[in-house]
Amino acid sequence: FSLWLDMPTPAGSRGGYELRFYLAAGGTFNVFLYRWQSGVATELASKSGYTFANGGSLALVDQGAAVSAWTNTGTGFNQLLSFWDGTFSSGRAGLEGIGANFTRLNNFKAGVLP
């Protein structure tokens, strides 16, 4: 599954930031942060073997030139990935999933940080 941020035109070629979780062996995930421009992906950061518990929360944040991924598995939000990149500063947010066992995501929110 993926969380998207700063998409200029979701119906056009891929653009913006993508936080992607790939299910790996043993119930862990390989996590990637990508920047998409004109349909071409660039990997900005990654982490292998990450355990993301059922009921956990995640956030993709673009604040100034910092793009970061955060997760909360019950003890508060902790930074998972980050990268300095000021390519995008506004746009749409979204979710993407694929596969027969697509993870159920709920309580999706998009907005400005307080």
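Below, all heavy atoms of this structure are taken into account, side chains as well, without hydrogens, waters or symmetry copies.
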Only pairs under 3.5 Å count here: list side-chain donor-acceptor contacts from residues 43-52, not counting sequence neighbours, and write none if there are none.
unit_1: Glu43; atom_1: OE2; unit_2: Ser46; atom_2: OG; d: 3.3
unit_1: Tyr50; atom_1: OH; unit_2: Thr71; atom_2: OG1; d: 2.5

Evaluation steps, side chain to side chain contact (heavy atoms under 4.5 Å, CB included), between Val67 and Leu60: CA-CA 7 Å; Val67 180; Leu60 181 56; 4.2 Å; yes
Verify side chain to side chain contact (heavy atoms under 4.5 Å, CB included) between Phe88 and Met7, making sure each step is shown before the conclusion. CA-CA 8 Å; Phe88 301 101; Met7 293 184 295; over 6 Å; no
Pair Thr87, Tyr17 - check side chain to side chain contact (heavy atoms under 4.5 Å, CB included), show working. CA-CA 9 Å; Thr87 303; Tyr17 298 110; 3.8 Å; yes
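Residue pairs meeting the salt bridge (Lys or Arg N to Asp or Glu O under 4.0 Å) criterion with at least one partner in residues 69-84, sequence neighbours excluded, are absent. A salt bridge (Lys or Arg N to Asp or Glu O under 4.0 Å) check over residues 81-90, counting only residues at least two apart or in different chains, returns the pairs Arg35-Asp85. Pairs engaging residues 54-85 under the ring-ring contact (aromatic ring centres under 6.0 Å, His included) rule: none recorded [sequence neighbours left out]. Applying the side-chain hydrogen bond (donor to acceptor under 3.5 Å, both in side chains) rule to pairs touching residues 20-30 yields Glu18-Arg20, Arg20-Tyr22, sequence neighbours excluded.
Atom CG in Leu58 sits 10.0 Å away from atom CG in Asn72 (nearest 0.5 Å). Distance OG/Ser2 to CG/Leu19: 7.5 Å, rounded to 0.5 Å.
Here the side chain of Arg92 pairs no donor or acceptor atom with the backbone of Leu5 at under 3.5 angstrom.
No chain of hydrophobic side-chain contacts below 4.5 Å, direct or via other Ile, Leu, Val, Met, Phe, Trp or Tyr residues, connects Val40 to Trp4.
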